[in-house]
Amino acid sequence: IATCRKDSDQNVISMAVTTKGLESLYKDAGVLLKYSKNRYMTRTLVSRGSSLAEVKVNNGKDVDYVLLSATENVTAMIPKIYGNEEPTLTFELPESVDAPLEKGTVLGKATVSCGGKVYGTVELKTESSVELDYFALYSAKMMKFFSNPWLWLVLGGLLVIVAGYV
C-alpha cells in the first residue's frame, strides 16, 4: 500500500499485490499513483454559500422568492476529461413555501453530478429571512372566502326569502 498527497488536500491510496518481490511491488504502486495524477483532478463542484436555486414565497413582505444556497462544498476527484464540464444539479424543492422564514432554514437539497456520475448531495438553505405580510395573508383568506360558491348560494337564498317577506 502506498499513499501520496494530491492537490494539497486529497490523499490518494494505491494498493498493489504481487509475488515478484518488494521492488516490483513499489514500482506497481508508483505506476498506480502516477496514473491517478495524470488522469484525475480534484475539483470543487459546488461551493458553500453559492446561490443555486430559488423558491416562491407565499405572503412574504416585499418578497416573492427566496434564494437558496449550498450549506457545504461538494469536492470530488473527477476524470480530467470532465474538468471543464459544468456539474449537473438535480433539485428536490417545494413548489412554494409560506412566510415567515428564518435565514438559514433548510428547504431542500441538490444532487451534484458530473459526467453522469453522482458525486454528492448538499442541503439548500435560505439566504435571507422573510417576514409575513399580514395584509396579503388576510386579503388572500377573504378572497378565498368570497369565492366560495356555497356562500353565494346561501346569500342568494336569503335574498329571495327577504324579498318574499317584504
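Side chains are part of it too, since the values below use all heavy atoms of this structure and drop only hydrogens, waters and symmetry mates.
G60 and A99 get closest at one heavy-atom pair: CA-CB, 3.8 Å. Minimum heavy-atom separation, V112 to P87: CG1-CB, 4.1 Å. Pairing each heavy atom of K37 with each of K80, the nearest pair is O-NZ, 3.2 Å. S113 and V118 make their closest contact through CB-CA, 3.8 Å (heavy atoms, listed as atom of the first residue, atom of the second, distance). The shortest heavy-atom contact between V55 and P94 is CG1-O, 3.8 Å. When all heavy atoms are compared, the tightest approach of L33 to S36 is O-OG, 2.8 Å.
In terms of hydrophobic clustering, with Ile, Leu, Val, Met, Phe, Trp and Tyr side chains grouped at heavy-atom distances under 4.5 Å, Y40 and V31 are assigned to different clusters. V130 and V106 sit in two unconnected hydrophobic clusters of ILVMFWY residues. Membership requires side-chain heavy atoms under 4.5 Å apart, directly or through other members. Transitive grouping of hydrophobic side chains (ILVMFWY, heavy atoms separated by less than 4.5 Å) keeps L32 and M41 in distinct clusters. No single ILVMFWY cluster, assembled from side-chain heavy atoms under 4.5 Å apart, contains both M143 and L153. Side-chain heavy atoms closer than 4.5 Å link hydrophobic residues (I, L, V, M, F, W, Y) into clusters, and following such links, even through other members, never connects L67 to L89.
Panel note: side chain K34, backbone A29; no donor-acceptor pair is recorded below 3.5 Å. No donor-acceptor pair under 3.5 Å is formed between the side chain of W152 and the backbone N or O of S147. In terms of modelled atom types and a separation under 3.5 Å, the side chain of N148 and the main chain of W150 share a donor-acceptor contact. Using a distance-only test at 3.5 Å, with no hydrogens or angles considered, no donor-acceptor pair links the side chain of R48 to the main chain of A70. A donor-acceptor pair under 3.5 Å is formed between the side chain of T71 and the backbone N or O of E123. In this structure, N59 contributes its side chain and L132 its backbone to no donor-acceptor pair below 3.5 Å. Looking at T126, its side chain does come within 3.5 Å of a backbone N or O of E102 through a donor-acceptor pair.
Other residues, nucleotides and ligands contribute at most 12 non-hydrogen atoms within 6.0 Å of the OH atom of Y26. Atom NZ of K56 has more than 12 neighbouring heavy atoms from other residues, nucleotides or ligands inside a 6.0 Å radius. No more than 12 heavy-atom neighbours from other residues, nucleotides or ligands sit within 6.0 angstrom of CD on E131.
Between V74 and T44 the shortest side-chain heavy-atom distance does not fall below 4.5 Å. In this structure, F91 and L124 have side chains that are in contact, with non-hydrogen atoms separated by less than 4.5 Å. Side chains of F146 and L151 form a contact here, defined as non-hydrogen atoms less than 4.5 Å apart. By the 4.5 Å heavy-atom criterion applied to side chains, V66 and L101 are counted as neighbours. A heavy-atom distance below 4.5 Å is not found between the side chains of T42 and I78. Inter-residue side-chain proximity for L52 and L68 is flagged as unmet; no heavy-atom pair is nearer than 4.5 Å. In this structure, the side chains of E127 and S51 come closer than 4.5 Å at one or more pairs of heavy atoms.
Under the side chain to side chain donor-acceptor pair (under 3.5 Å) criterion, S128 pairs with no residue at all, not counting sequence neighbours. By the side-chain contact (heavy atoms from CB on, under 4.5 Å) test, E85 is found to be paired with Y82, C114, residues two or more places apart in sequence or in another chain being considered.
Taking CZ of R43 as the start and CE of M77 as the end, the distance is 14.5 Å to the nearest 0.5 Å. Atom OG1 of T121 and atom CD of E72 lie 9.5 Å apart (nearest 0.5 Å).
Partner N58 forms a side-chain hydrogen bond (donor to acceptor under 3.5 Å, both in side chains) with one of D133, D98, D64 and no other, that one being D98.
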